[in-house]
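I have a structure I would like to understand better, so I am pasting it below and will then ask my questions one at a time.
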Amino acid sequence: MIVPDTFLDFVGKHIESIMQEWPIVRQLSIVTGLRQCYVDREPGQDACKILFQLMEGSNLVVRRASAYALAEMYPSLLLKQTEKLLISGSAGQREIGIWAAIFVSDDKGFVEQWQIARHDQERVVREAASLSYQDRLDRKRCAQYLDIVLDTDQNDLGHLWRYGQTLCDIGDDETLRHVRAGIHVAGFTVNKRAWLAWLAKKLQSNWERRQKRTSGRSSNVKCPSQ
């Protein structure tokens, strides 16, 4: 059982060393812990501040997970923070802003931010805007296909195969987490759980390759193995 105040106090005191020294999987555990702390309570300012810091860090996987957590926990704050990043004087901050905007729940809000980024004076931000737009479309499609693949009443792999292949082609780190969780669902047949394990492995490889091609920073995009 996570005690929110104790957990927040520890992370808040050590956030700089966590971001600089901790491996990806442990940084992701901080994001997971924050989400678990606030399942039944509104996140406070300290929790949001930690997620903002992680969202603006050097690792793409951790940035995405933090933005996704904010989208679930406090969507209005995520929207405000991405708006702030997109008017920053730093191109790097603006690039982070448009990538985080992928997780903004309001379609109108995302489009407004995308319009700003696609006309940015820096090419790297304009390219990020183009890729983020497609990424957002892919996320919506993945959500629909995950519902089909992880349906506990559906164990026909012949029917599920094409949806799984599409998830491998366009799925991201969040898709990967859902597929990995499905491996342990007791209601699935042994064959389906084995297929999901294969799917997770292929999805991870494909997503890492796409992100390396996108960012050119291979050291910053590796997914944690589980």
Side-chain angles (χ1 to χ4, degrees), residues 23-33 35-36 54-55 57-72 96 98-105 110 127-128 130-226:
I24 299 171
V25 67
R26 292 191 67 192
Q27 292 187 47
L28 289 173
S29 72
I30 297 296
V31 179
T32 301
R35 289 166 74 174
Q36 291 176 348
L54 292 169
M55 191 179 81
S58 62
N59 185 272
L60 180 60
V61 176
V62 178
R63 291 204 309 260
R64 290 174 63 93
S66 302
Y68 184 80
L70 279 166
E72 287 190 325
I96 288 173
I98 191 57
W99 279 117
I102 292 169
F103 301 95
V104 167
S105 58
F110 169 76
E127 289 179 345
S130 176
L131 292 169
S132 69
Y133 189 88
Q134 184 59 50
D135 197 329
R136 187 173 172 91
L137 293 177
D138 288 343
R139 280 179 54 78
K140 290 187 174 183
R141 194 173 169 197
C142 281
Q144 295 173 347
Y145 286 5
L146 275 170
D147 286 343
I148 297 171
V149 167
L150 300 179
D151 183 351
T152 53
D153 294 326
Q154 181 55 262
N155 287 298
D156 181 358
L157 298 188
H159 172 73
L160 297 176
W161 189 266
R162 63 192 176 101
Y163 298 106
Q165 289 298 106
T166 301
L167 290 177
C168 284
D169 292 338
I170 66 174
D172 61 5
D173 46 335
E174 191 61 30
T175 310
L176 178 60
R177 282 191 281 275
H178 285 294
V179 172
R180 281 174 170 166
I183 297 171
H184 307 289
V185 173
F188 293 157
T189 64
V190 173
N191 285 345
K192 182 170 182 178
R193 292 201 298 271
W195 175 68
L196 288 172
W198 171 85
L199 195 66
K201 185 176 180 180
K202 185 175 180 182
L203 200 162
Q204 176 178 339
S205 176
N206 286 355
W207 187 80
E208 286 180 0
R209 185 171 61 252
R210 294 202 314 274
Q211 294 307 304
K212 288 174 183 178
R213 188 166 59 241
T214 298
S215 69
R217 299 188 296 272
S218 60
S219 62
N220 288 338
V221 297
K222 188 173 180 60
C223 286
S225 298
Q226 291 186 358

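The model shown is predicted, which means the values in this text are computed figures rather than measured ones.
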| said: Please find the pair of heavy atoms, one from L150 and one from G182, that lie closest to each other, and give the distance. | reply: CD2-CA, 4.1 Å

| field | Closest heavy-atom pair and its distance - C142, I170 | value |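 Smallest heavy-atom distance, with atoms named: SG-CG1, 3.5 Å.
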
| What is the distance from atom CG of L167 to atom NE2 of H178, rounded to the nearest 0.5 Å? | 11.0 Å

| request: State, yes or no, whether a side-chain contact exists between L131 and Q134 at a heavy-atom distance under 4.5 Å. | output: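 No, their side chains stay 4.5 Å or more apart.
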
| query | Looking at A128 and I98, what are the two nearest heavy atoms and their distance? | reply | CB-CG2, 3.7 Å

| task | Would you please name every residue forming a side-chain contact (heavy atoms from CB on, under 4.5 Å) with T189, sequence neighbours left out? | result |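 Listed in chain order: N155, N191, K192.
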
| said: Does anything in residues 136-146 form a salt bridge (charged side-chain N to carboxylate O under 4.0 Å, His left out)? List the pairs, not counting sequence neighbours. | reply: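 Found D107-R136, D107-K140, R139-D172.
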
| request: Report yes if some heavy atom in the side chain of V179 is under 4.5 Å from a heavy atom in the side chain of V149; otherwise report no. | output: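 No, every pair of side-chain atoms sits at 4.5 Å or beyond.
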
| Measuring from E208:CD to L176:CG, what's the distance to the nearest 0.5 Å? |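 Reported value, rounded in 0.5 Å steps: 9.0 Å.
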
| query | In Å and rounded to the nearest 0.5 Å, what is the OH to CD distance from Y145 to Q165? | reply |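 Here the interatomic distance stands at 12.5 Å.
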
| said: Using the rule given for side-chain contact (heavy atoms from CB on, under 4.5 Å), can you reason through R193 versus V190, listing the C-alpha separation, both sets of side-chain angles and the distance that settles it, and then say yes or no? | reply: CA-CA 5 Å; R193 292 201 298 271; V190 173; 3.7 Å; yes

| task | With side-chain contact (heavy atoms from CB on, under 4.5 Å) as the test, would you mind laying out the steps for E72 and F103 before giving the verdict? | result | CA-CA 9 Å; E72 287 190 325; F103 301 95; over 6 Å; no

| message | Within this structure, what is the CZ-CD1 distance for the pair F188 and I183, rounded to the nearest 0.5 Å? | response |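 The CZ atom of F188 sits 10.5 Å away from the CD1 atom of I183.
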
| query | A65 and D173: which non-hydrogen atoms are nearest, and at how many Å? | reply | N-OD2, 4.4 Å

| CD1 of I96 to CZ of R63: how many Å apart, nearest 0.5 Å? |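 The CZ atom of R63 is 5.0 Å from CD1 of I96, to the nearest 0.5 Å.
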
| request: Over all heavy atoms of both residues, which pair between Y68 and E174 is shortest? Give the atoms and the distance, please. | output: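 Shortest heavy-atom separation between Y68 and E174 comes out as CE2-OE2, 3.2 Å.
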
| query | Which heavy atom of F110 sits nearest a heavy atom of V104, and at what distance? | reply |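 F110 and V104 have their closest heavy atoms at N-CG1, 4.2 Å.
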
| Nearest-0.5 Å distance that lies between atom CD1 in I148 and atom CG in L146 | 9.5 Å

| For atom OH of Y133, is the number of surrounding heavy atoms from other residues, nucleotides or ligands below 6.0 Å larger than 12? |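 At most 12 heavy atoms, drawn from other residues, nucleotides or ligands, come within 6.0 Å of this atom.
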
Mind listing the side-chain donor-acceptor pairs of residues 194-203 below 3.5 Å, one per line with the distance, residues two or more places apart or on another chain?
none

